[in-house]
Amino acid sequence: MIQVEELYLAPDATVLEALRKLDQTGQRILFIAPQGRLEAVVTDGDIRKFFLRGGTPDQPVQLAANYHPLSLPIAERGRAREVLERHCIDALPILDKRGVITDIVFARGLDVDNRKHTDIPVVMMAGGLGTRLYPYTKILPKPLIPVGEQPIAELIMDRFRDFGCRDFTMIVNYKRGMIKSYFSELEKDYAIHFADEDVFMGTGGGLCLLKDKIRSPFFFTNCDTLLDVDFGDLYEFHKNNGNLVTMVCAFKHYTVPYGVVELGQDGNIAAMREKPELDFLTNTGVYVVEPRVVEEMRDGEAIGFPDVIDRYRTAGEKIGVYPIGENSWMDMGQLEELEKMRRKLENQS
């Protein structure tokens, strides 16, 4: 059971440190509470809004924090469910008369589901050769490679189903007969359609097969990416910002395991850095896309979806980023990552 103190964040912490702690705790909220007295809260949503305002990970977290958080006194703890439901929040601190946090009531502990549900279609790009997962993909297509007891494609669909999605389309090519056979025999409460890609057209080109078939915004995902995100919140973010495409990006922290040397003129050393640390956003391969993008795809064009996005971005269209924490993204595109995903899912179970 998590201790209250594990969710405390130092007032002088950076936004990056807050992101790391959110990942470590597995919660979506942290508290700035010197000596236990509640001053502010920081949620993953607060940090997302901070980045949209132009904030950077190295800035102090006070710039992203909410200094007017909801709370309840101990005597009114019985109202916790009502407050959580009415305000659609994940956690509610309980305070004593001095403003010290004595307990935190979590929505999950009260069986309150505060996720934003949505029922827009989901399109999965499932036609690739899965070269990086060879030799597994010599036998099975990548969407059917098992992670634990289920194939990755089914796990991905289950995540979307949890948020109300019931209409799935898979763009298939390599070993598509096996994919169709598996899902046709599966007991399911959702519909799956298939679009046959006869010639490989990249991670974006296959969308041209869906012209006149998708009339609403849709989730677009690779078949090797599993996210722990609120897809309803993602869709609401997309709509509220008027984006043509919203790309889900994960913060990554990487420490170069070597000393790095920068060369100057005449072969001299300009600078030396011992094991520098890098922080950056990386594309997870999950998007929200407006149907107009499908209608404007060029028939038969082989193109990656990031290149499609870049074409619109260059033309001045609005492309948004929905940032998530590093631990909210699991990728099985390579063998070592597949094993990491399997272990993480076992731990979650």
Side-chain angles (χ1 to χ4, degrees), residues 1-117 228-230 232-234 236-237 240 250-251 253 277 279 322-328 347-348:
M1 187 174 184
I2 195 165
Q3 300 296 313
V4 172
E5 292 76 12
E6 294 178 50
L7 299 178
Y8 287 176
L9 187 67
D12 58 352
T14 65
V15 172
L16 179 60
E17 288 170 333
L19 276 171
R20 290 177 185 166
K21 192 152 192 174
L22 285 167
D23 278 343
Q24 289 167 4
T25 62
Q27 302 298 327
R28 298 174 60 182
I29 190 168
L30 298 172
F31 301 89
I32 297 176
Q35 288 79 51
R37 298 186 64 161
L38 178 64
E39 285 190 1
V41 301
V42 183
T43 67
D44 54 353
D46 292 328
I47 292 177
R48 205 154 26 242
K49 293 173 186 174
F50 171 72
F51 287 130
L52 288 173
R53 297 195 301 267
T56 58
D58 59 334
Q59 290 183 282
V61 76
Q62 292 103 316
L63 298 177
N66 170 17
Y67 278 84
H68 302 283
L70 290 170
S71 64
L72 281 178
I74 294 174
E76 297 182 35
R77 194 181 195 281
R79 294 181 50 228
R81 176 187 288 273
E82 170 202 337
V83 175
L84 288 165
E85 288 182 329
R86 180 166 16 109
H87 295 279
C88 292
I89 56 177
D90 293 306
L92 188 67
I94 307 298
L95 311 181
D96 67 14
K97 292 181 179 179
R98 296 179 297 121
V100 173
I101 301 174
T102 62
D103 194 9
I104 300 167
V105 179
F106 292 95
R108 282 174 291 180
L110 290 174
D111 296 323
V112 177
D113 186 357
N114 288 325
R115 297 175 300 183
K116 301 178 178 72
H117 285 233
D228 284 324
V229 301
D230 185 330
D233 185 67
L234 166 60
E236 187 173 286
F237 173 91
N240 291 343
F251 276 97
H253 178 78
E277 297 185 0
D279 296 291
Y322 184 91
I324 63 174
E326 182 172 0
N327 285 351
S328 296
N347 292 334
Q348 288 180 353

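Fair warning: this is a prediction, and the values are worked out from it, not measured in the lab.
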Between V15 and F51, does the side-chain contact (heavy atoms from CB on, under 4.5 Å) criterion hold? Intermediate values first, please. CA-CA 10 Å; V15 172; F51 287 130; 3.8 Å; yes

With sequence neighbours excluded, tell me which residues meet side-chain contact (heavy atoms from CB on, under 4.5 Å) with Q35. none

Could you go through the side-chain contact (heavy atoms from CB on, under 4.5 Å) check for F251 and I47 one step at a time? CA-CA 12 Å; F251 276 97; I47 292 177; 5.6 Å; no

Is there a side-chain contact between R86 and V83 (heavy atoms, below 4.5 Å)? yes

Mind jotting down which residue pairs meet the salt bridge (charged side-chain N to carboxylate O under 4.0 Å, His left out) criterion with at least one end in residues 66-79? Sequence neighbours excluded, please. E76-R79, R77-D103, R79-E82

Flag the pair I32 / Y67 as yes when at least one side-chain heavy-atom distance between them is below 4.5 Å, and no otherwise. yes

Of all residues at least two apart in sequence or in a different chain, which pass the side-chain contact (heavy atoms from CB on, under 4.5 Å) check with P69? L38, V41, N66

Partner set under salt bridge (Lys or Arg N to Asp or Glu O under 4.0 Å) for R53, not counting sequence neighbours: none

Of the non-hydrogen atoms in Y8 and K21, which two are nearest, and what is the gap between them? O-NZ, 2.5 Å

Salt bridge check, R20 against D279: does any charged N sit closer than 4.0 Å to a carboxylate O? yes

Nearest heavy atoms of I29 and A91, plus distance in Å: CG2-CB, 3.8 Å

Donor-acceptor pair, distance only, cut-off 3.5 Å: does the side chain of Q62 make one with the backbone of P11? yes

With D233, which residues qualify under salt bridge (Lys or Arg N to Asp or Glu O under 4.0 Å), at least two apart? R48, K116

Closest non-hydrogen atom pair between T14 and P57, with its separation: CB-O, 3.7 Å

Heavy atoms, side chains only, cut-off 4.5 Å: are L52 and F237 in contact? yes

Among all residues two or more places apart in sequence or in another chain, which pass the side-chain contact (heavy atoms from CB on, under 4.5 Å) test with D96? I74, R98, V100, T102

